[in-house]
Amino acid sequence: MIEKPRPSLIAQRPSDIEHRTSVLESDFAADVRRDLALAPKQLQSKYLYDALGSSLFEAICRLPWYRITRAERALLNRHAREIVARLQAPRLSSGQGDESSMPLIVELGCGSGEKIVILAEALQAAGGHARVHLIDISSQALEQSERSLGRLDHISVVGHRETYEVGLRQAALARDGDQPMLVLLLGSNIGNFDMPAAHEFLCAIRGALAPGDALLLGADLVKPETELQLAYDDPLGVTAAFNRNLLVRINRELGGTFDLDAFAHAAVWNPAFNRVEMHLESRADQRVTIARASVSVDFAKGERIWTESSYKYEPQQIEEMGLAAGFVTREQWIDESARFALTLFTAES
Ligand code: AVI
């Protein structure tokens with residue numbers, strides 16, 4: 001039996017962490033300045049996830065009207081054994097803990113970590129070991145996932161507080177010999193990329209994999225507009241708070257003067273693109289200054305800031321997206337009631 005390494009949150013030295021954090025902050029100011037000058041005005045959805053934003057997103061996942069998380073968890077519980085069995089079963093069953101036979105599982109956007117725990121438990125039950133790399137821009141999400149995985153034997157954890165692209169590159173570099181790799185892109189996180197960016201991202205994932213490695217993709221499906229409206233503009237106002245918290249964050253971190261009462265949450269289904277858009281709509285003509293982004297921005301009454309897109313797919317479209325990036329579908333499991341799909345791809349040579 002190998003000794004379980006102490007999980008570390010960031011695979012970097014402390015001085016590097018400080019450096020990376022300040023770089024992330026200056027990126028934030030530059031992105032805000034640039035994106036509020038666009039027409040229509042925009043803010044990137046990755047900035048929704050500060051500590052409070054991550055907690056609000058966790059709360060969204062518990063709302064009765066937002067079904068993605070529960071549907072995906074149910075599919076994972078039902079199929080975890082099949083998924084881990086595909087991680088090169090003969091090598092896993094040796095149970096030797098040999099480094100090169102130990103699968104590398106990389107989760108892009110780990111959230112609270114509960115989904116990867118389902119797979120890690122199934123792997124452990126099958127007598128396997130795994131090295132897990134968690135990639136998230138939220139340190140709170142990384143800490144929570146680390147805690148969730150920390151109680152499992154035979155699982156070592158490395159966290160990367162990075163964007164998906166950078167974290168994936170770092171995780172792939174840590175690969176040992178012909179160690180099999182499984183990348184998890186769950187929770188319909190792919191849906192927050194526009195179509196060209198989603199294709200580019202799937203190609204980047206494929207580029208980090210070797211033939212036979214796997215990608216497990218969770219993606220939300222097209223469903224009636226009334227259900228989507230409730231999921232993205234819930235009666236409790238949690239999603240509205242999640243969206244408006246971005247303005248709270250800009251005020252706090254960049255010295256902004258956003259008046260929260262002067263912006264309303266709006267969720268709009270755009271059928272031409274099969275996406276739900278989140279916006280913040282100005283309730284009045286107003287000027288906002290953001291000191292640390294060196295910018296003043298004028299808003300007309302009714303003008304919107306576009307903060308997020310959540311694309312919804314047809315099952316076949318998900319398979320085609322994988323194919324276009326160099327994957328083949330091994331399985332696709334669908335929750336017909338919540339209209340959510342989990343697709344297992346393998347990388348082709
Ligand atoms: C993280 N992501 C997949 C969520 C979604 O459904 O697009 C974020 C979210 N936005 C509003 N509610 C949830």
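Start at 1 and go down the list; that is how both ligands and their atoms are numbered. The basis for the numbers below is simple: all heavy atoms, side chains too, and nothing from hydrogens, waters or symmetry mates. Bear in mind the structure is a predicted one, so any value in this text is a computation, not a measurement.
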J.: Looking only at heavy atoms of Y49, does any of them come nearer than 4.0 Å to an atom of ligand 1?
T.: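 For ligand 1, residue contact (heavy atoms, under 4.0 Å) with Y49 is present.
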J.: What protein heavy atom is closest to atom 2 (N) of ligand 1, reported as residue, atom name and distance in Å?
T.: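 Here the nearest protein heavy atom works out to N192 OD1, 2.9 Å.
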J.: Please determine whether a side-chain nitrogen of the Lys or Arg among R175 and D178 lies less than 4.0 Å from a carboxylate oxygen of the Asp or Glu.
T.: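 Not counted as a salt bridge, because no side-chain N and carboxylate O are separated by less than 4.0 Å.
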J.: Hey, is E303 close enough to K41 for a salt bridge, meaning N to O under 4.0 Å?
T.: yes
J.: Is D261 salt-bridged to R283, cutoff N-O under 4.0 Å?
T.: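 No.
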J.: Are R330 and E348 ion-paired here, with the side-chain N under 4.0 Å from a carboxylate O?
T.: yes
J.: Among all protein non-hydrogen atoms, which one is nearest to atom 7 (O) of ligand 1, and what is the separation to 0.1 Å?
T.: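 Here the closest protein heavy atom is S310 OG, 2.4 Å.
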J.: Could you tell me which atoms of ligand 1, counted from 1 in the order shown, lie closer than 4.0 angstrom to a heavy atom of S188?
T.: 3 (C)
J.: Which is it for Y49 and F242 under the ring pair (Phe, Tyr, Trp, His ring centres under 6.0 Å) test, yes or no, and what are the steps along the way?
T.: CA-CA 9 Å; Y49 300 91; F242 172 66; 5.5 Å; yes
J.: Evaluate the side-chain proximity of N245 to L48: yes if any heavy-atom separation is below 4.5 Å, no if none is.
T.: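 Heavy-atom side-chain distance check fails, nothing below 4.5 Å.
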J.: Provide the number and element of each atom of ligand 1 under 4.0 Å from a heavy atom of G187.
T.: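 This gives 3 (C) as the contact atoms.
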J.: Looking only at protein heavy atoms, which one is nearest to atom 8 (C) of ligand 1, and how far off is it?
T.: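 Residue, atom and distance for the closest contact: E308 OE2, 3.3 Å.
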J.: For Y66, is at least one N or O under 3.5 Å away from an N or O on ligand 1?
T.: yes
